[in-house]
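Right, one structure below, let's go through it.
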Number of protein chains: 2
Amino acid sequence: MSRPLAHPNIEDVTVAGILHALADPVRLAIVSELLKAESGLNCTQMTDRLEVGMPKSTCSQHYRILRESGLIVSERKGVELTSRVRGRELETRFPGLLQSILKAHEQEMMKTRRRGRSG
Amino acid sequence: MSRPLAHPNIEDVTVAGILHALADPVRLAIVSELLKAESGLNCTQMTDRLEVGMPKSTCSQHYRILRESGLIVSERKGVELTSRVRGRELETRFPGLLQSILKAHEQEMMKTRRRGRSG
DNA sequence: TACTGTAGTTCAATAATATTGAACAATAGA
DNA sequence: TCTATTGTTCAATATTATTGAACTACAGTA
C-alpha cells in the first residue's frame, strides 16, 4: 500500500500477458466477478465471493498479476484497494478478446454446474 | 513416436487449458503459423518458420502442450508428425475464442513490426 | 502522540513447472 | 543391416508460483 501502484500503459499490454493472467482459474474467476460487480471489489470482498479459502497474500498476488498484465486498475480508498476491469481500454486495444474469453468461461461454468460439480 | 498420441475429447477441453497453452509467445506463434499453413506442419518446418533457434526437444514439448490442451491434432506421416489446429471443433466448443485471440495476436505483431522490433 | 482494528504487501522458504542437451526410439531408403 | 531423418523421453537446472508470518498503511479514538 506504499508504492504508487504501477499500471501499464494500455499500448504496452500484451496478448501473452493477458492470456497468462487469465490462464489461472482463480484469476479468471476474479475477473468474471469484477465484471459483474458495479464499482470494483477489494481483496476481502473477492475472497468472500469466490468461496475458496484464499489467503490474503494469495489474493494480493493475483491482483498484482492482473494489474501488471493490464487487465485491472486498482485504486486506494482509505485502507482498502478497490479494483475493476479496464473494460473500455482493453476493448479498444484488443476488440472482442476479453469478451470472448469471459463468454467461454461462462459457458464452461454452466456445463460444469449441469454436470453437478459444484453448487 | 511410440505412444498412441492422446488427444482430449473436445468436451474435456477447458478455457484455462487453452489460455495456458497460448500464454506462451512461442506457442501462440506456432498456432498462428499452423492456421496459415494449409495442411499442417511438423516440428522441423515450424522451427524453420519461426526463425528462433528452437531445440527440437523444446518444439516437441510445445506441441505436446498444445495437443494436450486440445488446440491441435497431430498425425503421424511416416517419420514425421504433422499437426494442425482443431479449428472447427474449437469453434463449436467455444465460439469466437480462438479467432479473437489470434486476431489480437496479429494486431500486436503488426504494431510491433511498425515500431521496428523485428523484421 | 499513542493505541487498536482493518486491509493489504512483502519476504522467504517450499513446491510446482518449464527448459533443453543428450540419449533413445521409430521409420524410410539403400 | 546401416544410415539419415524426425521426434520423444529423461533428468539436471532454472524459473515461477504459493502462502504463512512479519510488516506497512490508514482511520478512528482519545
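Between B:H62 and D:dG7 there is no side-chain polar atom (N or O) within less than 4.0 angstrom of OP1 or OP2. In terms of phosphate contacts, B:S57 brings no side-chain nitrogen or oxygen within less than 4.0 Å of OP1 or OP2 of D:dT8. The side chain of B:S60 contributes no N or O atom lying less than 4.0 Å from OP1 or OP2 of D:dG7. OP1 and OP2 of C:dT19 both lie 4.0 Å or more from every side-chain N or O belonging to B:T58.
Considering all non-hydrogen atoms of both residues, A:N9 and A:R86 come closest at C-NH2, 4.3 Å. The two atoms that bring B:L34 and B:S83 nearest to each other are CD2-O, 3.4 Å, heavy atoms only.
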Worked check of side-chain contact (heavy atoms from CB on, under 4.5 Å) between A:L28 and A:I101: CA-CA 9 Å; A:L28 191 50; A:I101 292 173; 4.0 Å; yes
Candidate pair B:E106 and B:S32, rule side chain to side chain donor-acceptor pair (under 3.5 Å), full reasoning: CA-CA 8 Å; B:E106 290 300 321; B:S32 181; 3.0 Å; yes
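Nearest-nucleotide assignment on DNA chain D puts the 5′-proximal partner with B:T82, out of A:K56 and B:T82. Nearest-nucleotide positions on DNA chain D for A:K77 and A:I65 put A:I65 closer to the 5' end.
Separating the CZ atom of B:R64 from the P atom of D:dG7 is a distance of 16 Å, rounded to the nearest angstrom. Rounding to whole angstrom units, OH of residue A:Y63 and P of D:dT18 are separated by 16 Å. What separates CZ of B:R67 from C1' of D:dT8 is a distance of 10 Å, to the nearest Å. When rounded to the nearest whole Å, the span between CE of B:M46 and C1' of D:dG7 equals 15 Å. For the pair A:Q61 CD and D:dT18 P, the computed distance is 9 Å after rounding to whole Å. Atom CZ in B:R76 sits about 10 Å away from atom C1' in D:dT8, given to the nearest Å. Atoms CG (B:D24) and P (D:dT16) sit 11 Å apart, rounded to a whole Å. Look at NE2 on A:H20: it is 12 Å from C1' on C:dA18, rounded to the nearest Å.
Atom OG in B:S100 sits 8.5 Å away from atom NZ in A:K103 (nearest 0.5 Å).
For A:E80 and C:dT6, a side-chain-to-base donor-acceptor distance below 3.5 Å is absent, hydrogens and geometry of angles not being considered.
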